[in-house]
Protein chains: 2
Amino acid sequence: MTYTIKQAAEKSGLSASSLRYYDKKGLLPFVSRNRIGYRDFTDSDLKLIHTICCLKNTGMKIRNIRRYVNEVMAGPDTIPDRVKLLGEHRAAVLDEQRKIAENLSEIDNKLNRYRDPDAIKKVNTDIKNATEEKISESLSNSYFNNN
Amino acid sequence: MTYTIKQAAEKSGLSASSLRYYDKKGLLPFVSRNRIGYRDFTDSDLKLIHTICCLKNTGMKIRNIRRYVNEVMAGPDTIPDRVKLLGEHRAAVLDEQRKIAENLSEIDNKLNRYRDPDAIKKVNTDIKNATEEKISESLSNSYFNNN
DNA sequence: ATAAACATTCGACTATGGTTTAATGCAAGA
DNA sequence: TCTTGCATTAAACCATAGTCGAATGTTTAT
């Protein structure tokens, strides 16, 4: 069983354009061509493409995905390299997730402030403070169009 | 106390270029200018810039950050809009975090496979299967340069 | 045999989020 | 005064990750 690029696109969730783009970028050196130059995707190809998607979806750059694919193509000797590459990526993703969670918790604080019954009062106090800060520096103020 | 763009850059963790870029994109309408046209950043300004950074760091697009900033500038009447905007953003971020965690867990599976004592054997089996799949379809095989 | 529906490549185009450069101006210290 | 260091703008440039259109070829069904 092989698949055309359109079928591979459906199965992988990528667009045919993206698959061609990835191929051009060296991410799909394992995809064969039939006698007239059309790509023939196998199930094994789609498994590796799935892994590529996992890396892409977690933010790995094309350049590093290519490194990984090349290591896969080079055979079992590169297993330590793959562990290093994936392990470092894993750590980077976790760190990024942590940072996002931190930033999100600040957004949550804002949301809670806005949902507070006294939100209007508090927001008005903020505006007053910001405005006074501008005034005390003889700066123009743009809150509420009070220029 | 006011800050030059350089000092504001240091305090916010952004580059001066980014601050100018954000200003150009309408994210900093609250930043005043002194008599010769230089930006004067106040502490209140930096607080709002901090919020902007939280939104940016969680992946909000410039266009939506601008919407938020405009709502802030428009005063307390827009609090429900802000809650909607931030609430939707929050949900989107959580969903994205969930997807990333899912993809990462598949990467973890790969890592565990590679760290298995039988990793080489298993990888060789994979290559064998992939190769046989290609052969059975009369396709060229590129694993191990066995073209 | 001809049209529809695929496939190919190449180069141009888009979007996003900046960074860099060039020309210019202001301000403060030697 | 003159140099140094900061500021301004507009426009060009960059990186990333695609997407699209044109020209062309293939396969299939009618």
Side-chain angles (χ1 to χ4, degrees), chain A residues 2-29 31-42 45 49 52-69 89 92-93 96 99-100 103 137 139-140, chain B residues 2-29 31-42 45 49 52-69 89 92-93 96 99-100 103 137 139-140:
Chain A
T2 65
Y3 308 95
T4 65
I5 197 167
K6 199 183 189 190
Q7 292 167 329
E10 274 165 28
K11 288 213 155 216
S12 66
L14 298 169
S15 67
S17 298
S18 294
L19 282 170
R20 290 198 186 95
Y21 174 73
Y22 287 175
D23 198 3
K24 191 163 62 175
K25 287 292 169 177
L27 265 52
L28 313 180
V31 174
S32 300
R33 303 298 186 111
N34 66 17
R35 79 190 185 295
I36 58 162
Y38 289 15
R39 291 171 187 84
D40 261 341
F41 295 80
T42 65
D45 292 346
I49 288 171
I52 288 172
C53 287
C54 286
L55 296 174
K56 181 195 71 111
N57 292 340
T58 52
M60 188 181 280
K61 303 263 187 231
I62 299 275
R63 175 185 338 114
N64 282 329
I65 300 178
R66 183 170 52 221
R67 271 187 56 200
Y68 175 73
V69 170
H89 178 58
V93 173
E96 184 61 20
K99 282 181 194 158
I100 290 174
N103 282 280
E137 298 285 344
L139 301 174
S140 64
Chain B
T2 64
Y3 309 94
T4 65
I5 197 169
K6 200 183 187 190
Q7 292 167 330
E10 275 165 28
K11 288 213 157 218
S12 65
L14 298 168
S15 67
S17 299
S18 294
L19 283 169
R20 290 200 186 94
Y21 174 72
Y22 287 176
D23 197 3
K24 192 164 64 177
K25 289 290 170 178
L27 266 50
L28 312 179
V31 174
S32 301
R33 303 297 184 114
N34 67 16
R35 79 189 187 294
I36 58 166
Y38 290 12
R39 291 170 187 84
D40 261 340
F41 294 81
T42 65
D45 292 346
I49 288 171
I52 289 171
C53 287
C54 286
L55 296 174
K56 182 195 68 110
N57 292 340
T58 52
M60 188 182 280
K61 302 262 187 232
I62 299 273
R63 172 186 339 113
N64 282 329
I65 299 178
R66 183 170 50 222
R67 270 187 56 200
Y68 175 74
V69 169
H89 178 59
V93 172
E96 183 62 18
K99 282 182 195 157
I100 290 174
N103 282 278
E137 298 287 344
L139 300 174
S140 65

CG on A/L55 to CZ on A/R67, rounded to 0.5 Å: 11.5 Å
Whole-Å gap separating P (D/dA17) and CG (A/D23): 16 Å
What are the atom names and distances for every N/O pair under 3.5 Å that joins the protein to nucleotides 19-23 of chain D?
unit_1 : atom_1 : unit_2 : atom_2 : d
D/dT19 : OP2    : A/S15  : OG     : 2.9
D/dT19 : OP2    : A/S18  : OG     : 2.9

Spacing between A/R63 atom CZ and D/dA17 atom C1', to the nearest angstrom: 12 Å
Determine all donor-acceptor pairs shorter than 3.5 Å in which one atom belongs to a side chain in residues 31-41 of chain A; sequence neighbours excluded.
unit_1 : atom_1 : unit_2 : atom_2 : d
A/S32  : OG     : B/K134 : NZ     : 3.4
A/S32  : OG     : B/S140 : O      : 2.6
A/R33  : NH1    : A/G37  : O      : 2.8
A/R33  : NH2    : A/D23  : OD2    : 3.4
A/N34  : OD1    : A/I36  : N      : 3.0
A/N34  : OD1    : A/G37  : N      : 3.2
A/N34  : OD1    : A/Y38  : N      : 2.9
A/R39  : NE     : A/D23  : OD2    : 2.7
A/R39  : NH2    : A/D23  : OD2    : 3.3

Below 4.0 Å: OP1/OP2 of D/dG18 and any side-chain N or O of A/Y22: yes
Sugar-phosphate, base or nothing in reach of A/K25, heavy atoms under 4.0 Å: nothing
5′-ward residue of the pair A/R33/B/A16 relative to DNA chain C: A/R33
B/R66 CZ to B/I52 CD1 distance, which is reported to the nearest 0.5 Å: 11.5 Å
Atom-to-atom span, CZ of B/R20 to C1' of D/dT9 - whole angstrom: 9 Å
Nearest-angstrom distance from the residue atom NZ of A/K56 to P of D/dT16: 16 Å
Nearest-Å distance for atom pair CZ/C1', residues A/R39 and D/dT26: 15 Å
Protein-nucleotide distance (B/L19, atom CG; D/dT9, atom C1'), rounded to Å: 16 Å
Separation of D/dA7 C1' from B/K6 NZ (nearest whole Å): 11 Å
Interface limits on DNA chain C, where chain B has a heavy atom under 4.0 Å of a nucleotide atom: C/dT16 to C/dA27
Integer-rounded Å distance: D/dT16 P and A/R66 CZ: 10 Å
Residue pairs, two or more places apart or on separate chains, that pass salt bridge (charged side-chain N to carboxylate O under 4.0 Å, His left out) and touch residues 56-65 of chain A: none
Pairs touching residues 9-20 of chain B that satisfy side chain to side chain donor-acceptor pair (under 3.5 Å), sequence neighbours left out: B/S15-B/S18
Minimum side-chain heavy-atom gap A/T58-A/H89 below 4.5 Å: yes
Spatial distance of atom CG (B/L28) from atom CG (B/D45) [nearest 0.5 Å]: 8.5 Å
Separation between CG of B/L27 and OH of B/Y21, rounded to the nearest 0.5 Å: 9.0 Å
A/K6: partners by salt bridge (charged side-chain N to carboxylate O under 4.0 Å, His left out), with sequence neighbours left out: none
